[in-house]
Amino acid sequence: MDDELPKEFDLIVIGTGFPESAVAAAASRIGKTVLHIDPNDYYGGSWSSFSLEAFIMLMDGRAKRNQDITHFQYQWHIPLEAEEEIQEECEAKNEKWSVSRLMLLSRKFNIDLCPKILYSSGKLVHLLISSNICRYAEFRAIDRVCTIYQNELLNVPCSRSDVFNTKDLNIIEKRLLMKFLTACMAYGENKFEEDSVEFRGQSFLEYLQKQQITEKINRCIMQAIAMVNEDTSFEEGMERTKKFLQSVGRYGNTPFIFPMYGCGEIPQCFCRFCAVFGGIYCLKKEITGIHVEENGNKVIVEVENLQTIQADYVVCSPGNITEQLKAMKEVKNHLSRGIFLSKQPLGGVESARNGGSTDGGVNLLRLLTSDGQREAICIQLSCPSGTCPKGIYIYHLISPSVSNDPATDLQPFKELIFPDLSFLLMSAYFTITSYNYEPFDTNGRILVTDPPFYELDYDLSIENAYEIFKKLYNDAEFLPRAPDPEEIVIEGEDPRALVENQLPEDLRAQLHELEMALDNMDVEENMNMNIRAVTP
């Protein structure tokens, strides 16, 4: 784009992560002029996706690093060169992987820095549909939801058909699970409220224990369906279980979906939406200064190699706020991340087949340490998700940090999913070092978004974007529906003609014949009226 920009905007957004992109899209949709800037040469910030080569360059410092991401380390578990270099068409023969061979397939990788899984009836899916942003993305259903029971991987049945078809539960356990799930769907109704009065104020675990369910069913519900801890309240546990069940069957047998080509597509969807409604984008531009005018009415932003620009408001990601504005620095949402490349799907090939997937699919597994005090989310991806080549599986581990060494933080979980390290091709670790910066008193003109949260979906990040938008434009609707291209009528066009053009050719011909017949009828009727008028 040209270096010369307008000198004034309604809103300047710095950083292209998910919450920043959502705010920019919402402001642009209601007619505000938006400038969206990112110092990086890619979209997404801490929420972006990379090819394998770009990811390795990020890890070893050859590419510019996001300030929010630290403590990088990675290791190859395969030779740099194979004895006989294998061409790309032989990629299915995974017994001879080498670093050089993987690098030849670099562009087939989309490696997420902050992967998420979406509930099919969750907040983000509803937002994507209601705003019509969903047309910019593709999704696929999650193939398996798993848990670990007695040191073995257990495929958790999600739908009614899964419950009756699974071989992991006996007939009694199937009936107990169906009875429990049916009761959860009735949660909130009057009859159920009467029956559940005695459990109010108790934990969800205590409620399950009084239902006389087996230990295996308890594990499935606590770790894979409700995804709660031992101290979770009865009310929260029921709500989370109901959320799970309400998403089942909407887009598949499991209640979750995953964006094709990685979660880095999600912020870009909102960026595209913003651009459609007039937002201007500018990458690879450092912010050298931000300050509020003395009268407090405008924010002045100094951009590297560009003129000074002013705006009514500035929304900034935590890693891009300038030093002079950091009145308070609070560590928040510290996340330890692990990324592993393997040549075997989760639980092995046989386990994947038992789960209904011959290629590994997309799998979700919630992990706990042996003492139950720490947890992690494991997402395993394969070729059909558009994130890696055939024969390779990407494992993402996410857990709240307890130290500055992500490898140490994730070691207990790594041991659970990789009992045999011989299948590992690469392991990488880093920390999303998220700081919550509270800027100096800026008269409400400068707002800072939250870093990524430890959550399965995007709920808290959506709330963060919504709250910021309402502080800026309280009376406006947050991301109202955008019209489809065929619904847009340019001034001077005949709307009826647009509708006709959408019809198949044969129906369009029939429509013209009917219109001609109606015109002839009108002509004949007018002639008859004229004849009657002149007849004495």
Asks: With distance as the sole criterion, is a donor-acceptor pair present between the side chains of Glu81 and Ser100 under 3.5 Å?
Replies: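 Looking only at side-chain atoms, Ser100 and Glu81 do form a donor-acceptor pair, the distance falling under 3.5 Å.
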Asks: After noting the C-alpha distance and the side-chain angles of Ile56 and Trp76, does the key distance pass the side chain to side chain contact (heavy atoms under 4.5 Å, CB included) rule?
Replies: CA-CA 11 Å; Ile56 295 300; Trp76 291 107; 3.9 Å; yes
Asks: Report the C-alpha distance between Tyr119 and Phe256 in whole Å, list the side-chain angles of each, state the deciding distance to 0.1 Å, and finish with yes or no for ring-ring contact (aromatic ring centres under 6.0 Å, His included).
Replies: CA-CA 5 Å; Tyr119 278 94; Phe256 304 108; 4.8 Å; yes
Asks: Quick check: does any side chain N or O of Arg144 sit under 3.5 Å from a backbone N or O of Leu346, one acting as donor and the other as acceptor?
Replies: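 At least one qualifying donor-acceptor pair exists.
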Asks: For Ser28 and Cys274, work out which heavy atoms get closest and say how close.
Replies: OG-O, 2.9 Å
Asks: Could you list the residues that satisfy side-chain hydrogen bond (donor to acceptor under 3.5 Å, both in side chains) with Asn404, not counting sequence neighbours?
Replies: none
Asks: May I ask you to decide if Glu463's main-chain N or O and Lys123's side chain share a donor-acceptor pair within less than 3.5 Å?
Replies: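 Such a contact is absent between Lys123 side chain and Glu463 backbone.
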Asks: What are the two closest non-hydrogen atoms of Lys285 and Ile37, and how far apart are they?
Replies: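 Heavy atoms only, the tightest pair is O-CG2, 3.7 Å.
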Asks: So which heavy atom on Phe50 is nearest to which on Ala54, and how close?
Replies: CD2-CB, 3.9 Å
Asks: Please find the pair of heavy atoms, one from Met227 and one from Arg240, that lie closest to each other, and give the distance.
Replies: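 Nearest heavy atoms, Met227 then Arg240: O-NH2, 3.2 Å.
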Asks: Do other residues, nucleotides or ligands put more than 12 heavy atoms under 6.0 Å from the CZ atom of Phe418?
Replies: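 Yes.
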Asks: In this structure, are over 12 heavy atoms from other groups packed under 6.0 Å from Glu53 atom CD?
Replies: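 No, CD of Glu53 has 12 or fewer neighbouring heavy atoms, counting only those of other groups under 6.0 Å.
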Asks: Would you confirm whether Glu173, through its side chain, and Lys216, through its main-chain N or O, come within 3.5 Å as a donor-acceptor pair?
Replies: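 Answer holds: no.
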Asks: State whether the side chain of Asn110 and the backbone N or O of Gly386 hold a donor-acceptor pair below 3.5 Å, judged by distance alone.
Replies: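 Looks like yes, one N/O pair under 3.5 Å.
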Asks: Looking only at side-chain N and O atoms, does Glu20 offer a donor or acceptor that is under 3.5 Å from a partner on Thr449?
Replies: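 Yes.
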Asks: Rounded to the nearest 0.5 Å, how far apart are CG of Asp450 and CG of Leu460?
Replies: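 Rounded to the nearest 0.5 Å, the CG-CG separation comes out at 9.0 Å.
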Asks: Please check if the distance between the ring centroids of Phe423 and Tyr393 is under 6.0 Å.
Replies: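 Phe423 vs Tyr393: aromatic centres not under 6.0 Å.
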Asks: Write down the atom of Gly15, the atom of Asn320, and the distance for their closest heavy-atom approach.
Replies: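 Here Gly15 and Asn320 meet closest at CA-ND2, 3.7 Å.
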Asks: For Arg62, does the CZ atom sit with more than 12 other heavy atoms under 6.0 Å from it, leaving out its own atoms?
Replies: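 Counting other residues, nucleotides and ligands, CZ of Arg62 exceeds 12 neighbours.
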Asks: For the backbone of Pro255 and the side chain of Arg250, can you confirm whether one donor and one acceptor N or O come within less than 3.5 Å of each other?
Replies: no
Asks: Indicate the ring-plane relationship of Phe273 and Phe277, choosing parallel, tilted or perpendicular according to the 30° and 60° boundaries.
Replies: tilted
Asks: If you count every heavy atom of other residues, nucleotides or ligands that lies below 6.0 Å from Asn151 atom CG, does the total exceed 12?
Replies: no
Asks: Just wondering, are more than 12 heavy atoms of other shown residues or ligands nearer than 6.0 Å to OH in Tyr251?
Replies: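 More than 12 within 6.0 Å, yes.
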Asks: Do Ser401 and Ser336 have side-chain atoms, one donor and one acceptor, less than 3.5 Å apart?
Replies: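 Note: Ser401 and Ser336 side chains meet the donor-acceptor criterion.
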Asks: Specify whether Tyr429 and Phe340 have parallel, tilted or perpendicular ring planes, treating 30° as the upper limit for parallel and 60° as the lower limit for perpendicular.
Replies: perpendicular
Asks: If only atom types and distance count, is the side chain of Asn229 paired as donor or acceptor with the main-chain N or O of Thr232 below 3.5 Å?
Replies: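 Not at all, since once roles are kept as given, no pair shorter than 3.5 Å links the two residues.
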Asks: Please step through side-chain hydrogen bond (donor to acceptor under 3.5 Å, both in side chains) for the pair Tyr149 and Gln223, ending with a clear verdict.
Replies: CA-CA 10 Å; Tyr149 176 70; Gln223 304 307 325; over 6 Å; no
Asks: We want to know whether Asp420 and Ser422 form a side-chain donor-acceptor pair, criterion being a heavy-atom distance below 3.5 angstrom.
Replies: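 Asp420 vs Ser422: donor-acceptor pair found between side chains.
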Asks: Applying side chain to side chain contact (heavy atoms under 4.5 Å, CB included) between Ser49 and each of Asp112, Ile266, Leu113, report the one that passes.
Replies: Asp112
Asks: Would you say Arg366's side chain and Val228's backbone share a donor-acceptor pair under 3.5 angstrom?
Replies: yes
Asks: I'd like to know whether the aromatic ring centres of Phe270 and Phe18 sit less than 6.0 Å apart in this structure.
Replies: yes
Asks: Is there a donor-acceptor pair under 3.5 Å between the side chain of Lys108 and the backbone N or O of Lys390?
Replies: no
Asks: Side chain of Arg374, backbone of Ser399: donor and acceptor closer than 3.5 Å?
Replies: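 No, Arg374 side chain to Ser399 backbone: no donor-acceptor pair under 3.5 Å.
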Asks: Below 30° counts as parallel, above 60° as perpendicular, anything between as tilted: where do the rings of His36 and Tyr281 land?
Replies: tilted
Asks: Charged N to carboxylate O below 4.0 Å: is that the case for Lys243 and Asp459?
Replies: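 Looking at Lys243 and Asp459, the cut-off is met.
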Asks: Taking C-beta and beyond as the side chain, do Asp143 and Asn363 meet within less than 4.5 Å on heavy atoms?
Replies: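 Asp143 vs Asn363: side chains touch.
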Asks: As an exercise, state the distance from CG of Leu245 to OG of Ser121, rounded to the nearest 0.5 Å.
Replies: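 One finds 10.5 Å between CG of Leu245 and OG of Ser121.
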Asks: Between Thr241 (side chain only) and Gly237 (backbone N and O only), is there a donor and an acceptor less than 3.5 Å apart?
Replies: yes
Asks: Does the side chain of Thr433 come under 3.5 Å of the side chain of Thr431 through a donor N or O and an acceptor N or O?
Replies: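 Checked: Thr433/Thr431 side chains show no N/O donor-acceptor pair below 3.5 Å.
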Asks: Measure centre to centre between the rings of Phe109 and Phe55, then say whether the value is under 6.0 Å.
Replies: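 No, too far apart.
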Asks: For Leu381 versus Cys388, what's the shortest heavy-atom pair and its separation?
Replies: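 Scanning both residues completely, I find the closest heavy atoms to be O-SG, 4.0 Å.
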